[in-house]
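What follows is a set of notes on a single structure, which appears directly below.
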Amino acid sequence: MQQAGRRVLFLETDVSHTENVAQACQQAEKKMGPIDILVNNAGIARSNTMININEADWDAVVDVNLKGIYNTCQALVPGMMERGYGRVVNLSSIAGRRGSLFGDVHYSAAKAGVIGFTKCLARIAGPKGVLCNAVAPGIVKTEILSPEHEAQSQANIPLGRTGRAEEIAAVILFLCAPMSSYITGMVVDVNGGSYM
Ligand SMILES: NC(=O)c1ccc[n+]([C@@H]2O[C@H](COP(=O)([O-])OP(=O)(O)OC[C@H]3O[C@@H](n4cnc5c(N)ncnc54)[C@H](O)[C@@H]3O)[C@@H](O)[C@H]2O)c1
């Protein structure tokens, strides 16, 4: 990216820690200038079925997938609203739309929570020029996807294959670009037809 003439800054932080996120956002804005686009992509899955999910896993999954979005939005969206422009894209999941097929109620609950958060923030921030949408991927070939879950999902995908990360990124890019200027509070399903 730097070779293409872009200014790039990498900062590592745990999105579930409110204070750390606030500091990282402050540092980023100090070095790079105001942030107008926020993509909340961080997520974890601790697959297990309802009766076996322990409290630590419940907390971790909800804290990273849902509280993480609250943390970053609280740090960055007020500035976007003041400046009258911003784009927020939150990663939900097909699990938050139809319920996970694998019993992980913590992940489904967190990802459904992301949708409620997105719609509410869209109402708050829309009048100030900040658009907020969610993307709900289906089964996508990345680190988070176990081979067992990938195999179990195939029969439910009309397009007959696992998705690629670029196919999710393309939709996120669209929601960050000027051409999506009249879309807010929406959930875009990107899942090969598994949930319609
Ligand atoms: N791959 C899929 O099948 C699928 C399906 C639906 C939704 N999603 C969602 O898409 C998003 C991207 O996931 P992915 O598929 O690229 O998986 P991934 O595991 O490859 O990427 C997840 C990223 O989140 C980061 N992360 C995890 N915990 C963090 C924390 N506490 N603080 C900061 N960063 C943290 C990881 O370092 C990693 O870079 C996630 O929100 C995931 O829940 C993925």
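Being a predicted model, the structure only gives us computed values, none of them experimental. In listed order, ligands and their atoms are each counted from 1.
Against a heavy-atom cut-off of under 4.0 Å, Asp14 is close to the following atoms of ligand 1: 30 (C), 31 (N), 32 (N). Atom numbering of ligand 1 starts at 1 in the shown order; those under 4.0 Å from a heavy atom of Glu143 are 19 (O), 20 (O). Near Val140, with a cut-off below 4.0 Å to any heavy atom, the atoms of ligand 1 are 1 (N), 2 (C), 3 (O).
Ligand 1 lies within reach of Thr13, whose nearest heavy atom is under 4.0 Å from it. Put simply, no part of Ala95 is less than 4.0 Å from ligand 1, judged by heavy atoms. In this structure, Ser92 has a heavy atom closer than 4.0 Å to ligand 1. Contact analysis puts Ile44 in contact with ligand 1, with a non-hydrogen atom separation below 4.0 angstrom.
Shortest contact from atom 14 (P) of ligand 1 to any protein heavy atom: Thr142 OG1, 3.3 Å. Atom 29 (C) of ligand 1 has as its closest protein heavy atom Val64 CG1, 4.0 Å. Summary of contacts: the protein heavy atom closest to atom 26 (N) of ligand 1 is Ala42 CB, 3.9 Å. Closest to atom 22 (C) of ligand 1, if we only count protein heavy atoms, is Gly43 O, 3.7 Å. Among protein heavy atoms, atom 5 (C) of ligand 1 sits closest to Gly138 O, 2.9 Å.
At most 12 non-hydrogen atoms from other residues, nucleotides or ligands lie less than 6.0 angstrom from CZ of Arg6. Counting non-hydrogen atoms of neighbouring residues, nucleotides and ligands closer than 6.0 angstrom, the CD atom of Glu82 reaches no more than 12 such neighbours. No more than 12 heavy atoms of other residues, nucleotides or ligands shown are found within 6.0 angstrom of CD1 on Ile51.
Within the 4.0 angstrom cut-off, atom 37 (O) of ligand 1 has no protein heavy-atom neighbours. Atom 32 (N) of ligand 1 lies below 4.0 Å from at least one non-hydrogen atom of the protein. Taking a distance limit of 4.0 Å, we find that atom 2 (C) of ligand 1 is approached by some protein heavy atom.
Tyr107 and Ile44 fall within the same hydrophobic cluster, where Ile, Leu, Val, Met, Phe, Trp and Tyr residues are linked whenever their side-chain heavy atoms come under 4.5 Å apart, directly or through other members.
Taking the charged nitrogens against the carboxylate oxygens, Glu166 and Lys141 have no contact shorter than 4.0 Å, which rules out a salt bridge. Taking the charged nitrogens against the carboxylate oxygens, Asp36 and Arg83 do have a contact shorter than 4.0 Å, which makes a salt bridge.
The side-chain heavy atoms of Ile115 and Arg97, taken from C-beta on, include a pair separated by under 4.5 Å.
No hydrogens or angles considered: a donor-acceptor pair under 3.5 Å links the side chains of Asn40 and Asn90. Between the side chains of Arg123 and Thr184, not a single donor N or O lies within less than 3.5 Å of an accepting N or O. There is no side-chain donor-acceptor pair under 3.5 Å between Asn156 and Ser194.
Nearest residue to atom 40 (C) of ligand 1 from Asn41, Asn191, Leu91 is Asn41 (criterion: closest heavy atom).
For Ser47, the side chain to side chain donor-acceptor pair (under 3.5 Å) partners are Asp104, not counting sequence neighbours.
Remark: ligand 1 and Tyr107 share an N or O pair separated by less than 3.5 Å (distance only, no angle test).
Contacts of Val15 with ligand 1, taken as heavy-atom pairs under 4.0 Å, involve both backbone and side chain. Contacts of Lys111 with ligand 1, taken as heavy-atom pairs under 4.0 Å, involve the side chain alone.
Residue Ile168 shares its hydrophobic cluster (ILVMFWY side chains chained together at separations under 4.5 Å) with Ile37, Val39, Val89, Leu91, Val135, Val140, Val171, Ile172, Phe174, Leu175, Met179, Ile183, Met186, Val188, Val190.
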